[in-house]
Amino acid sequence: MKTLVCIVVCVLCISSINNAAHGQLTSTFYNKVCPTALSMVKAAVTKAVNNEKRMGASLLRLHFHDCFVNGCDGSILLDDNSTFTGEKTAGPNANSVRGFDVIDTIKTQVEAACSGVVSCADILAIAARDSVVQLGGPTWTVLLGRRDSTTASLSASNNNIPSPASNLSALISSFTAHGLSTKDLVALSGGHTIGQARCTTFRARVYNESNIDTSFATSVKANCPSAGGDNTLSPLDLTTPTTFDNKYYTDLRSQKGLLHSDQQLFSGGSTNSQVTTYSSNQNTFFTDFAAAMVKMGNISPLTGTSGQIRKNCRKAS
């Protein structure tokens, strides 16, 4: 009996070693090496979102824009240096992506507790989940063990992140290129139930497109002139802009999608039925969103001995 127990224990040990060697993400990655990591991230996110509701959407978007550019490796956090121009000034990010200070705060706190252990890429993944939960959305188990890149790519950021002017086929192609399905696309787009967009990203839609509710277009135009005011903000979800719910899909069915790319999900195409389902069943949306977030978080992570653990998320160690 003792021999059998020994064999079982040894097999489990070997399995764990093999998992680590092959760089598989796991929910228990920090349980022994930094057991307070997740609670520290949660506390910092809770404080930041309570201080400014919009920050929840900003932290969620940081994770998305990170994962879609060469994988979930924290590259979006790197400042420009003498060897590369980073992703912060790319078209999809300039004057738009925010929340870097919150990540800096979290990283400082985590480093004080467990120096050189918790990656910036993992902090982004955890912060995205905690932000959604803080605003009333679903939770999910974040798989961990990502490592940080030592470089970033301005060109990849410009080319890989879907444009708000994208049509449905372009959106599907972009998500497919990242290993995500059309179902994932529609579910993840529901992240636009929180947050705001700049006038420059939706001006063409509210002034030129016909598949838009006229009263909605008129109300948005009041805050987005036909010229100038590029950085003026409007909520992506007009009904409940700081609550993570399914009202985004209700808006789409009423032709009140703020971005062209949003309304493309309900414009007579293949995704109409999924939008309809989510608009009437929030639980189904929550389940699918959580599953898609786990899937997105597994896009090309650096694991094992690849990359590094940055001490400062803004620069390689």
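Both backbone and side-chain heavy atoms feed into the values below; hydrogens, waters and symmetry mates do not. Just so you know, residue 1 is the first one in the sequence shown, and it goes up from there.
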With sequence neighbours excluded, residues passing salt bridge (charged side-chain N to carboxylate O under 4.0 Å, His left out) with [X]:
X: Asp288; result: Lys183
X: Lys256; result: none
X: Arg203; result: Asp230
X: Lys88; result: Asp79

Are [X] and [Y] linked by a side-chain donor-acceptor pair shorter than 3.5 Å?
X: Asn31; Y: Thr28; answer: no
X: Asn231; Y: Thr200; answer: no
X: Arg129; Y: Thr141; answer: no
X: Ser155; Y: Ser153; answer: yes
X: Arg205; Y: Asn211; answer: yes

Measure the spacing between [atom1] of [X] and [atom2] of [Y] and express it to the nearest 0.5 Å.
X: Cys313; Y: Asp148; atom1: SG; atom2: CG; value: 6.5 Å
X: Leu124; Y: Ile103; atom1: CG; atom2: CD1; value: 4.5 Å
X: Asn246; Y: Asn281; atom1: CG; atom2: CG; value: 8.0 Å
X: Leu135; Y: Thr193; atom1: CG; atom2: OG1; value: 9.5 Å
X: Arg198; Y: Ser234; atom1: CZ; atom2: OG; value: 12.5 Å
X: Leu38; Y: Tyr30; atom1: CG; atom2: OH; value: 9.0 Å

Checklist entry - With sequence neighbours left out, what residues match Thr232 under side-chain contact (heavy atoms from CB on, under 4.5 Å)? => result Cys199, Asn223

On a heavy-atom basis, which atom in [X] and which in [Y] lie closest, and how many Å separate them?
X: Leu302; Y: Gly307; answer: CD1-CA, 4.0 Å
X: Ser119; Y: Ile309; answer: CB-CD1, 3.8 Å
X: Thr240; Y: Lys247; answer: OG1-CG, 3.5 Å
X: Asn272; Y: Gly268; answer: OD1-N, 3.1 Å
X: Arg147; Y: Thr303; answer: CD-C, 3.9 Å
X: Ile106; Y: Ala44; answer: CG1-CB, 3.4 Å

Next on the checklist: Apply side chain to side chain donor-acceptor pair (under 3.5 Å) to residues Asp251 and Ser254 and explain how you reach the verdict.
Outcome noted: CA-CA 5 Å; Asp251 291 343; Ser254 302; 5.9 Å; no

Any side-chain heavy atom of [X] sitting closer than 4.5 Å to one from [Y]?
X: Val41; Y: Asp122; answer: no
X: Val132; Y: Pro138; answer: yes
X: Leu77; Y: Arg314; answer: no
X: Ser149; Y: Asn70; answer: no
X: Leu188; Y: Phe289; answer: yes
X: Asp130; Y: Ile126; answer: yes
X: Leu236; Y: Gln196; answer: no
X: Asp245; Y: Thr239; answer: no

Tell me whether [Y] is reachable from [X] by hopping between hydrophobic residues (I, L, V, M, F, W, Y) whose side-chain heavy atoms are closer than 4.5 Å.
X: Leu143; Y: Val117; result: yes
X: Phe29; Y: Trp140; result: yes
X: Ile161; Y: Leu154; result: no
X: Leu238; Y: Phe244; result: no
X: Val97; Y: Leu259; result: no

How would you list all residue pairs meeting ring pair (Phe, Tyr, Trp, His ring centres under 6.0 Å) that involve [range], not counting sequence neighbours?
range: residues 199-233; value: none
range: residues 246-271; value: Tyr249-Tyr278, Tyr249-Phe285
range: residues 298-317; value: none
range: residues 43-62; value: none

Next on the checklist: Please list all pairs meeting side chain to side chain donor-acceptor pair (under 3.5 Å) that have one or both residues in residues 108-117, counting only residues at least two apart or in different chains.
Outcome noted: Lys107-Glu111, Glu111-Ser115, Ser115-Lys311

Next on the checklist: Between His192 and Asp262, is the side chain to side chain donor-acceptor pair (under 3.5 Å) condition met? List the steps.
Outcome noted: CA-CA 8 Å; His192 284 179; Asp262 287 329; 2.9 Å; yes

Checklist entry - Between the side chain of Thr105 and the main-chain N/O of Asp101, is any donor-acceptor distance below 3.5 Å? => result yes

Checklist entry - Step by step, would you call Ser279 with Arg253 a side chain to side chain donor-acceptor pair (under 3.5 Å)? => result CA-CA 8 Å; Ser279 71; Arg253 294 188 67 189; 3.1 Å; yes

Checklist entry - Are His178 and Asn160 close enough, and set up right, to give a side-chain contact (heavy atoms from CB on, under 4.5 Å), and what steps lead you there? => result CA-CA 9 Å; His178 291 92; Asn160 293 355; 4.3 Å; yes

Checklist entry - Is the number of heavy atoms from other residues, nucleotides or ligands under 6.0 Å of Lys295 NZ greater than 12? => result yes

Checklist entry - If you link I, L, V, M, F, W and Y whenever their side-chain heavy atoms are under 4.5 Å apart, who else ends up in the same group as Phe84? => result Leu78

Item to check | Stepwise side-chain contact (heavy atoms from CB on, under 4.5 Å) check, Thr83 with Thr151 | outcome: CA-CA 9 Å; Thr83 60; Thr151 188; 5.9 Å; no

Sequence neighbours excluded and cut-off under 3.5 Å, please list the side-chain donor-acceptor pairs for residues 56-69, or say none.
residue: Ser58; atom: OG; partner: Arg54; partner atom: O; Å: 3.3
residue: Ser58; atom: OG; partner: Arg98; partner atom: NH1; Å: 2.9
residue: Arg61; atom: NH1; partner: Ser96; partner atom: OG; Å: 2.6
residue: Arg61; atom: NH2; partner: Pro92; partner atom: O; Å: 3.1
residue: Arg61; atom: NH2; partner: Ser96; partner atom: OG; Å: 3.0
residue: His65; atom: ND1; partner: Asn93; partner atom: OD1; Å: 2.6
residue: Asp66; atom: OD1; partner: Gly74; partner atom: N; Å: 3.1
residue: Asp66; atom: OD1; partner: Ser75; partner atom: N; Å: 3.0
residue: Asp66; atom: OD2; partner: Asp73; partner atom: N; Å: 3.3
residue: Asp66; atom: OD2; partner: Gly74; partner atom: N; Å: 2.9

